[in-house]
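Predicted, not measured: the structure shown is a model, and the values here were computed from it. Numbers restart at 1 for each chain; the letters A, B, ... are given by sequence-line order, proteins then strands.
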Amino acid sequence: MSDTKTFSMDELVALCKRRGFIYPASEIYGGLNGFWDYGPLGTELKNNIRDAWWHDMVRCPPMGPDGEPISIVGLDSSIVQNPRTWEASGHVEGFNDPMVDCRESKSRYRADHLMVIGGPDAEESRRLYAFIAGDEESRDRAIKALGKYEKTSAEDADWSERPLMSLAQECFPRIVGPDVKEAGTLTEPRQFNLMFKTFVGALQTEESAAYLRPETAQGIFLNFGNVVDTMRVKVPFGIAQVGKAFRNEVTPRNYIFRSREFEQMEIEWFCHESEAARWFDFWCDVRRNWWESMGLTSDSVQMRRHDSDELAHYAKDGCGTFDVEYRFPFTAPDYGELEGVAHRGDFDLRRHQEFSKKKLEYFDQPRNERYLPHVIEPSAGLSRGTLAILCEAFTPDEDRASKVYMKFQPRVAPIKAAVFPLVNKDGMPEVASKLHQDLRKRWPVQYDAKQSIGKRYARMDEAGCPWCFTVDSDTLTDQAVTVRDRDSLSQDRVAIDQVENWLAERLA
RNA sequence: GCGGGCGUAGCUCAAUGGUAGAGCGUCAGCCUUCCAAGCUGAAUGUUGGCGGUUCGAGUCCGCUCGCCCGCUCCA
């Protein structure tokens, strides 16, 4: 807790704009709520995180729990899939909530969570009282209010309860909301559709309606059979995918934390049901460690198990869900979700088998058993990860010219090194420019000869560039340059023909 | 979607209803032999957008777009 940072998101947002990390999307037209563009440095940063994940999970995944290598293959599926996909996955149903608002109490309710209670004549004329299903206190309040209104009690009257959704719209002016005293304050139920709808083909009819994927996972399940048939993989194994996903969030908030277009890095790990618990623990460990290896300190990362009442429809049974959470400035002292590791059981494959009528069972030769594998899903937010790493890197420092620097790990830093001539004359620019052109063949390296050396260091501090190489007058005789370290501000001398090796060692 | 707050240069912010400014950044020149983000100068705005009131609107009013906070939601 000692290094708890004190800075506001506004400062980070301003730096991200100023230094080309993140811009508001379509800004010259006034922007668009919930959409962001990545600038030159943000693009490099995000790509670096994505590539690190791909390298560490797909190309060189960690050893399995028994010390044996594990196998993960990659995939890149379409953003638009056959709409039946989302019926099978549960998104058409689950991403479509009818909501009612109360004009008086300003609260909002899931319409399918509300019940109404009424007296014998409520069908035609009398008042109905709404309450929240499953909430005893709410129900008691409604019964009490109804008793007062009807001047009778439940024992001697024929009261009936039924779902709000079963009532005709004409009844709504007679309904008293759960938190108010007068009737007619509830709006009609309105559909909140969290999926982006689009149309396939030039004719925009309901038959051609489709959706932009709300998660990348389903593309993996759809291709489970293809991968098994063509890639010589054996359960247990994983399929990984990075890509954009889209959700019409009710309230996009907190910069790129909850945006309507975002990027996910997902693994679906297929295993036998009897081994699901073991793999679940394995992936929780692997994924937490990975985020820490990316520079998020153990202090600001935590694992949190979902309570049973917040589990998604596919995770009701089994090992549940663990979130990897990061303490963002806007959630502190609480944490916000970075990744969810969920035991999805065989829900997805079973549903797709059912809806598509295609056999998705796997034949396990050693076990001599045919089954639908269980799935452990480590589903990480690339956009959220980028934000967490930006937050973690943001380091105020009153002692340096820039007053703040971005302490990126070299592995994710958008600019790996900068090359300067100490002064822009006396043969130094030529030598520095040559060094720059050699280095940029391997890494993103910038050349800067403008203004004073102090300004150039300050610029690179804000961009989070870990090392600056400076050519000075001695270079012309001793063939060495000064390397300045971003974090320690220390300076060392390195032979100019060893700079590439020097960097390669530190960027390995 | 509701309630509250806000919107002025790339960033941070000024400007009684009366000529739109400053600091920083950016760019140019100078200087600078390692923190000098120092010196000089330049560019930059339909004051988020549209409409209204007014002789005159950054300022007042309406609508709209966007941002922030709360509610709600969040596979």
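- Nucleic acid contact for A:Ser379: none, since no nucleic acid atom lies under 4.0 Å from a heavy atom of the residue.
- Note on A:Asp492: nothing from the nucleic acid sits closer than 4.0 angstrom, heavy atoms only.
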Report, one line per pair, each donor and acceptor closer than 3.5 Å where one atom sits in a side chain of residues 415-427 of chain A; sequence neighbours left out.
from	atom 1	to	atom 2	distance (Å)
A:Lys416	NZ	A:Pro410	O	2.8
A:Lys416	NZ	A:Arg411	O	3.0
A:Lys416	NZ	A:Ala413	O	2.9

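- The side chain to side chain contact (heavy atoms under 4.5 Å, CB included) search around A:Pro163 returns A:Met115, A:Ser166, not counting sequence neighbours.
- Comparing B:A15 with B:U8, their P atoms are spaced 14 Å from each other, to the whole Å.
- Put simply, the side chain of A:Arg258 and the base of B:C74 share a donor and an acceptor less than 3.5 Å apart.
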If you restrict it to nitrogen or oxygen atoms, what contacts under 3.5 Å exist between nucleotides 5-13 of chain B and the protein, and what is each distance?
from	atom 1	to	atom 2	distance (Å)
B:G10	O3'	A:Lys17	NZ	3.1
B:C11	OP1	A:Lys17	NZ	2.6

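- Checked against ring pair (Phe, Tyr, Trp, His ring centres under 6.0 Å), A:Phe21 has the following partners two or more places apart in sequence or in another chain: A:Phe408.
- In this structure, the side-chain hydrogen bond (donor to acceptor under 3.5 Å, both in side chains) partners of A:Arg84, at least two apart in sequence or on a different chain, are A:Glu87.
- Residues passing the ring pair (Phe, Tyr, Trp, His ring centres under 6.0 Å) test with A:Phe280, sequence neighbours excluded: none.
- Checking A:Gln264 against A:Arg459, the closest nucleotide of RNA chain B that is more toward the 5' end is the one next to A:Arg459.
- At a threshold of 4.0 angstrom between heavy atoms, the contacts of A:Gly34 are confined to the sugar-phosphate backbone, with no base atom among them.
- Under the ring pair (Phe, Tyr, Trp, His ring centres under 6.0 Å) criterion, A:Trp279 pairs with A:Trp269, A:Phe282, not counting sequence neighbours.
- Within 4.0 Å of A:Phe35, counting heavy atoms only, lies no atom of the nucleic acid at all.
- Nucleic acid contact class of A:Asp426 (heavy atoms, under 4.0 Å, all strands): base.
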Bracket string, RNA chain B, 5' to 3' - pairs by Watson-Crick or G-U geometry under 3.5 Å, | interstrand: (((((((..((((....[..)))).(((((.......))))).....(((((..]....))))))))))))....

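- Sorted by first and then second residue, the side chain to side chain donor-acceptor pair (under 3.5 Å) pairs involving residues 457-467 of chain A (not counting sequence neighbours) are A:Arg18-A:Glu462, A:Arg19-A:Glu462, A:Arg400-A:Asp461, A:Asp448-A:Arg459, A:Gln451-A:Arg459, A:Tyr457-A:Thr470, A:Asp461-A:Arg484, A:Trp467-A:Asp485.
- The ring pair (Phe, Tyr, Trp, His ring centres under 6.0 Å) search around A:Phe262 returns none, not counting sequence neighbours.
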Nucleotide N/O of nucleotides 28-32 of chain B paired with protein N/O under 3.5 Å:
from	atom 1	to	atom 2	distance (Å)
B:A28	OP1	A:Lys450	NZ	3.3
B:A28	OP2	A:Lys450	NZ	3.4

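- Judged by distance alone with a 3.5 Å cut-off, a donor-acceptor contact links the side chain of A:Gln491 to the base of B:C34.
- Nucleic acid contact class of A:Arg400 (heavy atoms, under 4.0 Å, all strands): none.
- Scanning residues 464-476 of chain A for heavy-atom distances under 4.0 Å to RNA chain B yields A:Thr470, A:Asp472, A:Ser473.
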